[in-house]
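Data first, discussion second: the structure below is written as structure tokens.
Proteins get letters first, then strands, A, B, ... in listed order; numbering begins at 1 in each. These numbers come from a predicted model, not from an experiment.
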Amino acid sequence: MTIPESIASFTFSPLSKFKANSSIISLRNPLSFFGLRTGICLLQTVLAPFHSTSSSNCQSQRNHPRSMFEKITNLDDALILFDEMAQRQPPSSVLKFNQLLQAVTKMKHFASSVELFKQMNALCIPVDVYTMNIVINCCCKMYRTNEGFALLGNGFKHAIKPDVFTFNTLLNGLILEDKAIIAERFFKKLIKEELCDPDVIMYNTMIKGLCKCGINDKAIGLLKLMDERGCKPDVVTYNTIIDSLCKDEMVDDSLKLFKHMVLRKYIRPTVVTYNSLIRGLCNLCRWDEASKMLKEMEDERISPDVWTFNILVDALCKEGHVADAEGVIKLMIQRGNDPDVVTYTSVIDGYCLQGEMRKAREAFDSMELRGLVPDIVTYNSLLNGYCKKSRIEEAMHLFQEIVKKGLKPNVTTYSTMLQGLFLIGRCKDAYKLFNKMRSQNVIPDRFTYEIVLEGLCNNNEVDEALSLFHLMGENKLNSCTNVYNILIDGASKSRKLDIARNIFKNLIDKGLEPNVRTFTVMIGAFCLEGLMGEAKELFTEMEKRGCLPNDVTYRVILQGFIKKEEQGMIETLLKEMEEKGFSIDASTLSMLLDQIKAKSLDDSLVKLIGKVVPKGVDSLGFKS
DNA sequence: GTAGGGTTAG
């Protein structure tokens, strides 16, 4: 049976055991929590019977190295060999040099490869297009694509004609540096000026770049262009787009593309395809469908790999079902997929999320017992756990352990630590750490910046926050609406309305888009000062601008009017809330009730309130 | 006989 047929029959077969299970269960359990449990049960039944993979026969095909260069495992040997080859009479062939250069590149000694290439030129050792391509690749991997282009120019001078490998390597370099737009221009130029005829790998590179920048529609456009130009997309092409759509939560589009690939293009999916889809579904809590996918891949004799299991473990941990995740780990071990650092990091993260630091620590220790070396991400998870629990001493200790182990704290490590320090009000220490971070050449990112601003605001240091903000000036980090939200909120809570207003104005002037939170925070600022006229005005304004108020906005403005005892406005707002399906929160409700009890508001409101009290909450006996 | 592409973790 062909793959598409079997998938089609799988989908529609009424006799499928799995199908029967899943429909019964999903009818019975609409709740996502239960859906998750269901997912686990299914997972166990789907994965339990072990069927061996067919990877064993690949090994024996290549038990001796193709060239002596594959035996080189360290840089020093390579350099010695290079000297030998350079002095040899007659000189070694360009092929031998290329193999050596590639061996060095495979060891990720990119700078050394480039250096050796320079020496070859200095020693007048001939080079060819292979040499050039290897070295351009090294430049690109070091994020120095410019130098790669310079080498291309140099090649022209020496009559070395670039080929599709050269151009693809450069294209890939641009994409590594997040320069997808430049890459696209370059790509189009190559086609238009017929400098090379892109093959499937080149299209895939370009598609990857577009996806990386979130331009999915252009990526799909390229997929169509390939078809038109007679270049057959392969499974990598589809995997790239399928994954990108899943990451952007467009799983349904992704599934459509998946079906198109299988049923129309007859391309067999790989474990990577399934991993992307399963992750996409898990992220949206569509557990039943994720289980279905698992079953489907098993039916297709595509075995789940460590990645697949890690996706499941991570999803379970994020949902707080760490015990179930541990079950999956047992299962993966049974099936011969050894858990790795990523697996354990998810578990540690899961326990930290639950605030179960003892268990998190146990998981950490047990991974070390299994001979797995925790990496910086593992440490960051544990660090985050301690910080969130305000256990700063343990966090600091862990921070020191990271350094002692020879790991380099990254931007996340510092940001996490900063958040912890601000949380317990140790601003001075936080600032010290912030400076230390920069002295270690760790560049603060958007998250760091927001943590610092918010930390300062929450600790009555709005002026400090503002001076940092001004210090940043026209920085890219200051082009993020969230930064403005934090500052407006901070200024407002410190009763500096004029400053809050200015920041808001500044945001609009800059052409940045205020979001619901911006408006809500600004409305809150007016409410705090009792300026209900301005609050109301902005409330109307936001709707006009197409930014719909959410439940928080209503809560904020309602509280403002309650304090002012404005019966009419309260009525209007409650009615609007009812129409929009928003419900009232506990604290606003009790404010309202207090005022009614004190007779400063009329009890005719009670009927309206009853309509916005969340279901399941007893309306506390005030039926009118 | 040598060179280029795809999936996890704040």
Tell me which nucleotide among B:dA9, B:dT2, B:dG4 gets nearest to the side chain of A:Gln99. B:dT2
Looking only at the side chain of A:Asp128 (C-beta and beyond, no hydrogens), which of the listed nucleotides B:dA3, B:dT2, B:dG4 gets closest? B:dT2
On the six-membered ring of A:Phe187, is A:Arg185 placed so that its NZ or CZ lies under 6.0 angstrom from the centre and within 45° of the ring axis? no
Counting side-chain heavy atoms from C-beta on, which of B:dT7, B:dT2, B:dG4 comes nearest to A:Ile201? B:dG4
Below 4.0 angstrom from OP1 or OP2 of B:dG1, is there any side-chain N or O of A:Gln102? no
Of the nucleotides B:dT2, B:dG1, B:dA9, which one has an atom closest to the side chain of A:Lys96? B:dG1
Taking only the side-chain heavy atoms of A:Lys318 (C-beta and beyond), determine which of B:dA9, B:dT2, B:dA3 contains the nearest atom. B:dA9
Counting side-chain heavy atoms from C-beta on, which of B:dG1, B:dA9, B:dG4 comes nearest to A:Thr169? B:dG4
Which one, B:dT2, B:dG4, B:dT7, comes nearest to the side chain of A:Val272? B:dT7
Would you confirm whether A:Lys232, through its side chain, and A:Asp227, through its main-chain N or O, come within 3.5 Å as a donor-acceptor pair? no
Could you work out which one of B:dA9, B:dG4, B:dT7 sits closest to the side chain of A:Val164? B:dG4
Could you tell me whether A:Asp234 contacts a base, only the sugar-phosphate backbone, or nothing, with contacts defined as non-hydrogen atoms closer than 4.0 Å? base
Between atom CE in A:Met297 and atom C1' in B:dT7, what is the gap in whole Å? 12 Å
A:Met202 CE to B:dA3 C1', in whole Å, measures 14 Å
Would you kindly say whether A:Asp340 and A:Asn310 are connected by a side-chain donor-acceptor distance under 3.5 Å? yes
For A:Arg517 and A:Asn482, which I'm curious about, is there any donor-acceptor pair between the side chains at under 3.5 Å? yes
In whole angstroms, the gap separating P of B:dA3 from CD1 of A:Ile134 amounts to 7 Å
Testing B:dA3, B:dG1, B:dT7 for proximity to the side chain of A:Asn275, the answer is B:dT7
For residues A:Asn168 and A:Asp199, is any side-chain donor paired with an opposing acceptor at under 3.5 Å? no
A:Leu151 atom CG is separated from B:dA3 atom C1', nearest whole Å, by 14 Å
If you check the A:Asp163 side chain, which of B:dT7, B:dA3, B:dA9 turns out closest? B:dA3
